[in-house]
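Notes follow the structure.
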Amino acid sequence: NGETIAVDTQAPEVTGAKISVAGNSGTLTNTFKKGDTVNVSWDNTTRTSGGDNNKDIASVAVDFSEFGGGSAVMATKTALDSDVWLASYLLPNNVVLVGKQARIVAVDNAGNASAKTADTDLYNVDTQAPTVTITRDPSRDINNSSYDFTVDFGDAITKQYAVDLGTFETYSGPVTI
């Protein structure tokens, strides 16, 4: 009858460089702390705009399993006419993870799925409050204007302290107050 039928067997292309992970509020690069939400976005805008430029994406799923979340959390477009996709995961308490990545799978209108692709960075998570042990020398308790103490932070990734509600500083050894 003269009709032309197009068959789409081409899977979408997702590159790790177009995947962004954000939401960490800690002072250490790529480290999430208690109360943080892992926000994963994938830029599928035109290549001139910096994206992967797939024309017919129907859905995007983010795998948060390395962060303790779901393996297929559905992403949504950041705006109606945008081709940037975003999914979020609120980190649970009492988790310590090192060297983790989020992964993306995009599916086009024909049902072709991309390979599961990771972002290009590794991330740490520390939502567990450390057990802090303070050790002091009792022989210095009498008539001393300064006081030495050592803090054992256990397995904490971020080690900081503050004196008298002051500014937090990185802990690197004994402190004199």
Side-chain angles (χ1 to χ4, degrees), residues 1-130 153-160 168 170:
N1 70 15
E3 288 184 42
T4 302
I5 298 175
V7 178
D8 179 0
T9 59
Q10 180 74 34
E13 175 188 0
V14 176
T15 55
K18 307 303 182 201
I19 299 170
S20 299
V21 178
N24 54 316
S25 64
T27 57
L28 296 176
T29 303
N30 294 350
T31 299
F32 292 87
K33 66 180 190 175
K34 185 176 181 176
D36 284 348
T37 298
V38 181
N39 298 305
V40 176
S41 62
W42 172 53
D43 185 352
N44 187 46
T45 58
T46 64
R47 291 202 195 281
T48 56
S49 296
D52 276 332
N53 197 33
N54 295 280
K55 297 296 182 199
D56 62 343
I57 300 301
S59 65
V60 174
V62 177
D63 181 351
F64 287 106
S65 61
E66 288 194 20
F67 293 93
S71 61
V73 176
M74 298 310 295
T76 56
K77 288 185 176 186
T78 58
L80 186 59
D81 59 349
S82 173
D83 217 358
V84 175
W85 298 76
L86 173 70
S88 299
Y89 171 65
L90 176 62
L91 292 165
N93 291 333
N94 301 316
V95 175
V96 176
L97 304 167
V98 177
K100 301 304 176 186
Q101 291 179 299
R103 291 173 167 62
I104 299 257
V105 174
V107 178
D108 67 16
N109 291 331
N112 301 307
S114 70
K116 191 179 274 192
T117 306
D119 62 300
T120 56
D121 292 320
L122 297 174
Y123 297 89
N124 302 316
V125 174
D126 186 358
T127 63
Q128 183 175 29
F153 286 92
D155 65 353
I157 292 173
T158 304
K159 298 175 182 179
Q160 296 178 323
F168 276 90
T170 300

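Panel note: side chain S49, backbone G51; no donor-acceptor pair is recorded below 3.5 Å. In this structure a side-chain-to-backbone donor-acceptor pair under 3.5 Å is present from D52 to T15. With hydrogens and angles disregarded, a donor-acceptor distance shorter than 3.5 Å links the side chain of N112 to the backbone of D8. For the pair N94 (side chain) and Q128 (backbone), a donor-acceptor distance under 3.5 Å is absent.
Here the CG atom belonging to D119 is positioned 8.0 Å from the CZ atom belonging to R103, to the nearest 0.5 angstrom. Separating the NZ atom in K100 from the OG atom in S65 is a distance of 9.0 Å, to the nearest 0.5 Å. The distance from the OG atom of S20 to the CG atom of D121 is 9.0 Å, given to the nearest 0.5 Å. In this structure, T31 OG1 and N124 CG are separated by 4.5 Å, a value rounded to the nearest 0.5 Å. With rounding to the nearest 0.5 Å, the separation of CG in D81 from OG1 in T78 is 9.0 Å. Rounding to the nearest 0.5 Å gives a distance of 12.5 Å between CG of L97 and CG of L122.
Smallest separation of non-hydrogen atoms from A113 and A11: O-CB, 3.3 Å. Residues T120 and A17 share a closest heavy-atom pair of CG2-N, 3.7 Å. Contact between S25 and K33 at its shortest, heavy atoms only, is OG-CE, 3.2 Å. Between M74 and S59, the shortest heavy-atom distance links the atoms CE-CB, 3.6 Å.
Between N39 and S88, the side chains place a donor N or O and an acceptor N or O closer than 3.5 Å (distance only, hydrogens not considered). D108 and N54 are not linked by any side-chain donor-acceptor pair at a separation below 3.5 angstrom, with hydrogens and angles left out of the test.
In this structure, E13 pairs ionically with R47, as a charged nitrogen and a carboxylate oxygen lie closer than 4.0 Å.
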>> Using the rule given for side chain to side chain contact (heavy atoms under 4.5 Å, CB included), can you reason through V62 versus V38, listing the C-alpha separation, both sets of side-chain angles and the distance that settles it, and then say yes or no?
In response: CA-CA 11 Å; V62 177; V38 181; over 6 Å; no
>> If you apply the rule side chain to side chain contact (heavy atoms under 4.5 Å, CB included), what do you find for I19 with T117, and how did you get there?
In response: CA-CA 9 Å; I19 299 170; T117 306; 4.3 Å; yes
>> Walk me through whether V105 and V14 qualify under side chain to side chain contact (heavy atoms under 4.5 Å, CB included).
In response: CA-CA 8 Å; V105 174; V14 176; over 6 Å; no
>> Determine whether D83 and K77 satisfy the following criterion, side chain to side chain contact (heavy atoms under 4.5 Å, CB included), listing intermediate values before the conclusion.
In response: CA-CA 6 Å; D83 217 358; K77 288 185 176 186; 3.9 Å; yes
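Taking the six-membered ring where tryptophan is involved, the planes of F67 and F32 are perpendicular, since the angle between them exceeds 60° and thus also 30°.
The ring-ring contact (aromatic ring centres under 6.0 Å, His included) test applied to Y89 returns F64, not counting sequence neighbours.
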